[in-house]
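Below: one structure, written as structure tokens.
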Amino acid sequence: MVAIESKPRKATVLEAINAAMAHALETDPDVVLMGQDVGKAGGIFRTSTGLSQRIGSKRVIDTPLDEKGIVAHAVGMALYGLKPIVEIQFSGFIHDAFEHIMFCAARYRWASGGQYSCPMVIRAPSFGGIKGGFWHSQSVEAYYVHHGGVKILCPSTPEDAYRMMIAAVQDPDPVLLVEPVPLYRAMSAEFVHDGKPTDIGRAEVVRAGADVTILTYGVMRPQSISAAEDLAEEGIDTEVIDLRTLIPYDIETILASVQKTGRVVIVHEAPLSLGFGAEMAAVLQEKAFGYLHTPIQRVAAPDVPYHFSIGDECYKPDAHRIKLAVRRAMEFEF
Amino acid sequence: MVAIESKPRKATVLEAINAAMAHALETDPDVVLMGQDVGKAGGIFRTSTGLSQRIGSKRVIDTPLDEKGIVAHAVGMALYGLKPIVEIQFSGFIHDAFEHIMFCAARYRWASGGQYSCPMVIRAPSFGGIKGGFWHSQSVEAYYVHHGGVKILCPSTPEDAYRMMIAAVQDPDPVLLVEPVPLYRAMSAEFVHDGKPTDIGRAEVVRAGADVTILTYGVMRPQSISAAEDLAEEGIDTEVIDLRTLIPYDIETILASVQKTGRVVIVHEAPLSLGFGAEMAAVLQEKAFGYLHTPIQRVAAPDVPYHFSIGDECYKPDAHRIKLAVRRAMEFEF
Amino acid sequence: MAKDKASQAKAAGKKTKSIDGGTPPSCPLARAQELNIRQVIDAEGNLVGDLPEPDLSDDQLRAHYEMMVLVRAIDDRGWTLQRSGRVEFWIPHRGLEAVHTSATLAFDNDDWIFLGYRHPGTMLMRGVPLLQLFAQFFGRADEPLKGRRLPTLMGDRRANIVPMTTQVGSYVPHACGAAWAAKIKGDKTRFLTFFGDGSTSRGEFHSALNFAGVHKPPVVFICENNGWAVTTPTSLQTATDTFAEKGDAYGIRNLRVDGNDPLAVYAVTREARDLAPEEGASLIEAVTYRMGYHTTSDNPDLYRTREEVAAWEPWCPLIRMRKYLEKRGLWDDASEADLWARCKADIDAAVKGAEAMPFPDPSTMFDDTFAEPTWMLEEQRRQLLEELESR
Amino acid sequence: MAKDKASQAKAAGKKTKSIDGGTPPSCPLARAQELNIRQVIDAEGNLVGDLPEPDLSDDQLRAHYEMMVLVRAIDDRGWTLQRSGRVEFWIPHRGLEAVHTSATLAFDNDDWIFLGYRHPGTMLMRGVPLLQLFAQFFGRADEPLKGRRLPTLMGDRRANIVPMTTQVGSYVPHACGAAWAAKIKGDKTRFLTFFGDGSTSRGEFHSALNFAGVHKPPVVFICENNGWAVTTPTSLQTATDTFAEKGDAYGIRNLRVDGNDPLAVYAVTREARDLAPEEGASLIEAVTYRMGYHTTSDNPDLYRTREEVAAWEPWCPLIRMRKYLEKRGLWDDASEADLWARCKADIDAAVKGAEAMPFPDPSTMFDDTFAEPTWMLEEQRRQLLEELESR
Ligand SMILES: Cc1ncc(C[n+]2csc(CCOP(=O)(O)OP(=O)(O)O)c2C)c(N)n1
Ligand SMILES: Cc1ncc(C[n+]2csc(CCOP(=O)(O)OP(=O)(O)O)c2C)c(N)n1
Ligand SMILES: [Mg+2]
Ligand SMILES: [Mg+2]
């Protein structure tokens, strides 16, 4: 694989992440990839397959089993001038590093009066759907919003995965990259592997519609699209917006849609209470108050852990539950 | 001081916490108090003054300087049958224990199929106002809502501090007790030190009003009351509700007020984005959609760290900013 | 305090190196004395004259071997069940039978155990029925964890076995805290916890050993040094020659034992348990090897040589124990054949019974969140069940 | 590996005990040899014949003493400024002057330092002007941290000093990671970090030393064992006799030094710095004592005896260094009086200048959150400034 290409070719989300990391490592000697088992074996999901062989174990580092230590050392590396890409094996194991992400990496710039900064990428393989049980199926993105200081990117297509990884590595501040594990190999799409970053802070109108707006991100994007397609047959014209980045979120695109449809359904896999949907609802009921015909609906997992044997089927929101919420948004009467 | 009394007497918030812990330690041999410097010196705020002298160092424990270790060991103690009260020296240092609070203590009951549980109290001295700078002035309660599993109590009066501590110790599950540092010695109030717990999940209508509802908790309660009194002079009749417990919150009391006033201002010191106000706004715009005359307003600190030299004056919300929000809620036009 | 390079080099042979690490594969158990690894028997089942034979009756010895074989048979079956798609996931324990069964044997049944995820042996030693284990592997409702947890992440309060919360090592201070609690309450209960070489890198290991040094709770920490943490060799996990010596940094009694010698594991664990009320915690490094894949999602060929695995084959705890029993005239080919037949039959029955059991009801996802669910959870439960209904 | 009780008992004298700990107060530095604490000079400033005298010129020696006196004078002034309500808060560093100034002297100016919160001495050694320090103490806008941080939580990139993020010990792996980064980049930069006895209990200490053992970054860890973590004595912090020996658990070179002996601190730190590129990290336990309150919010009478403090008085690093210089004919009463007069004048000027400086503008609270503020932050900034305006 070469770093820069001109012709489009197909890649899965997993291949796209691998290609973007390869590009970053090959074009910038200050980039390092570190985490548990990311080296020779290419990570437990194989997202870094071949990288240690090509780049060497000095910059593709198998670390001790210590999430806090991994992130904390990456913070030091970033302070000195490297751009670490940190892989957390599963997002459910990121919590040990919470202090170092939110109260060190995210705060060195401010706490040092702007003298130091921590450009780093924290990869959080997220969401359920692989029969992983609670700790291997977590949605943790909402924890990284309150108090601020971290940008949050949630790719759900191969091209987004590629360009968001590039953008995250180039960003001057810490970025949480929420990787959609169930989508790693789910689809393949064509794009030019040209090393070009995405523009952080832009949502994508995945499907235009006039009646109701679905705001979603990550693994719920495909579910939302299929719900919208079914709803079209009922005559409900649903606009689907993939937020893509949670911090900062794309208020123009969101508001334009909400002012047009006056109906909103927010969909995420993370549990309901203080999930990102809460912030969206709070902001929209204020900024679009006069436009809302019906209450903003939230579709989310319940506030309980992800169940091993029935979680994928019953806990994770699906197109069916999204459709019910959209119908509520359409039919609501008071 | 004796454990049970029949006559009312005055106590500050700090004295109330001390009295409640004394009661718990003296009446239940399974209660232990542990944390940094909680022993001989009575804790850096002196909330445990005299307890190690009365109870002994076996149950009033000066621990090593290791927040994760303190909480993790308390989790083990709770699994075995003790009821630990854990003091985190300042809420800004709780983050190291995040995994053990939210993904151990809060989950053992579920993860063990209901066989084991972790009854424990985690004391988080919170909020700014003592010129402490970012780490000594934090509001962390919102991090303990998403994914659930922890009850969150926020006393802001001496009697609440006393009865919430008693209730927290008696609760069969983990409780985060958000202690209002700036109010520790701010006021003194009379109540009977009778060892009776508060009823978790009840809000208090601190001031009845017909025009607009302020929902607040913790250190913002006094600010909200003084704002309401000023507003009365402008002819705005403000109802002030102290939520008291965030998980579970008292939906009946809240809804009754909102349906009456149709105007809501949520006030907390924690930063805006995904602060508890976001959940309140999301829930109320859905459950009270038809009643709301104006958008729900949020008064909160901005999404930046608490500033040492000007934070107490400029960062922390105050009565002035609350009044501006209430007027917005009253005057809003579209 | 500074450690001389020589002694560092000396014992380095014990370290697993990554695939291109260079050192020719050798089994450290072959150099047990030099590497300070306590033993009762060698590869041939002969007494090495280090630790004395523990006083276990012939029946106990036979029963213990039979247990280890059953545990091995469960691993074989779990593997094939996963490969044939009947079990979702499998975490092998092949090669670790001695550590788990012998350490558990050394504790009393009312002592508490905090488990990792390779421990069917520990569960069986505490009398948990096969059917219950397989119900857990199949994610069925009617087992103590109600089908909520990954296969092999087990626990059972009736057996005083606390299930882990999935993060490796996080439960080590929980075990220590529970032991401390028993000491505070004046109970006689003692505590045992198992964790891996990789787990020692986490802050929890540091917290637990540091608190244990100061407060002396009756807990025995068993570090299963099985050479690997997924694809990471011990040489990338830490710079020390051994995991046991880490105990010195906390004033904790520590030693190394041959983790594939059932008699040695029993002896040193029993001693540590007996000393616990007086001396407090012990850290035992059980030098063993993960013969199988990390999990069914793993591919060891990416990171370790087959020669390395082969070097450990002769040190299989089952082979060694069988040879020891045979030399004592307690075992023969007939008993071996009969035992495997019985194991197969019992497992067949357990698989059949477990697969026939129902999955959990969605409503149960909401149970055991709090002692009493909040109104918010009840509202979410009602809505979710309605929505699932309407599918 | 198991440690014999005797040796444990032996060195226990070094441990601070809580007020009712019983042991009669004694200064461990009086038993330096027995306790394995390296020294150049004794309490009287005489050479003890352990470490050789470092080759520092007469001018350097004099300048170093003058610096320690200035640092002490700053502590005296900070205290009175806080007590008179002019500074919000003060964290004393009395007694720690030698550790901070001598370790810094042992490093080059382009080496990086990760600081704790008692380090005016370290800042001054790197040429930071007094006025800038006092501007920080007074929370004024025009200093590198823009008045955002608690008094004495300092840093200055121009001096290659990284400010801490307030959690004790959290920055230890940051220092280690930065050193590892320099090694990866092939730079010659070396790294120094200071932390206390209490900080060793945090997982960060474990993470940093474990990673350092495996990856050998050029970093020197100085553990200031000053006997106390707020009100907690070392005997409740850990069970080991020393903090240095914890390095053994990670394969890290380690030693103890007399933290009140400026020459010894310089010598061992310089050696550790020189060895860093080859040997990687060193852990130096500087045995010293927190002569002052933990902070201005503290009350030591609640937890330690005045006898204990008194036992350390004769071991004051300033007294010892002065005696050493006098014996070498490099110092006399006149120079002493003149020095204190100069310190007072310089500090008076700095206080006057700093107090006259303006406080930060509210708008600056929003700077340095991200390299470019998000629209959300800009919106919040606009609204907050409007609302403050309208007060
Ligand atoms: C905190 C945490 N990080 C990562 C993982 C993923 N994981 C599961 S097992 C394992 C390796 C554990 O190695 P070791 O402690 O040696 O135990 P072993 O698997 O060898 O028995 C890892 C990294 C986890 N479960 N928890
Ligand atoms: C993580 C964390 N917990 C608690 C505190 C509060 N605190 C500030 S200094 C201190 C004691 C530190 O002791 P030590 O490491 O020995 O350093 P010393 O103060 O003795 O120099 C504590 C507990 C903190 N700043 N950070
Ligand atoms: Mg292992
Ligand atoms: Mg100290």
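Residue numbers begin at 1 in each chain, while the letters A, B, ... track the order of the sequences.
- Residues Ala239(D) and Gly251(C) share a closest heavy-atom pair of CB-CA, 4.4 Å.
- Nearest heavy atoms, Ser201(D) versus Asn210(C): OG-ND2, 3.2 Å.
- Only the backbone of Thr200(D) comes within less than 4.5 Å of a heavy atom in chain C; its side chain stays farther off.
- The two residues Asp248(D) and Thr240(C) have their closest heavy-atom pair at O-CG2, 3.4 Å.
- Of the atoms belonging to Glu204(D), not a single heavy atom falls under 4.5 Å from chain C.
- The neighbour count for Lys185(C) NZ, taken as heavy atoms of other residues, nucleotides or ligands under 6.0 Å away, is above 12.
- More than 12 heavy atoms of other residues, nucleotides or ligands sit less than 6.0 Å from atom CD of Glu53(D).
- Ring geometry, Phe205(C) versus His206(D): the interplanar angle falls from 30° to 60°, so the pair is classed tilted.
- Interatomic distance, Tyr250(D) OH to Glu245(C) CD, rounded to the nearest 0.5 Å: 11.5 Å.
- Take His215(D) and apply the ring pair (Phe, Tyr, Trp, His ring centres under 6.0 Å) test, not counting sequence neighbours, and it matches Trp180(D).
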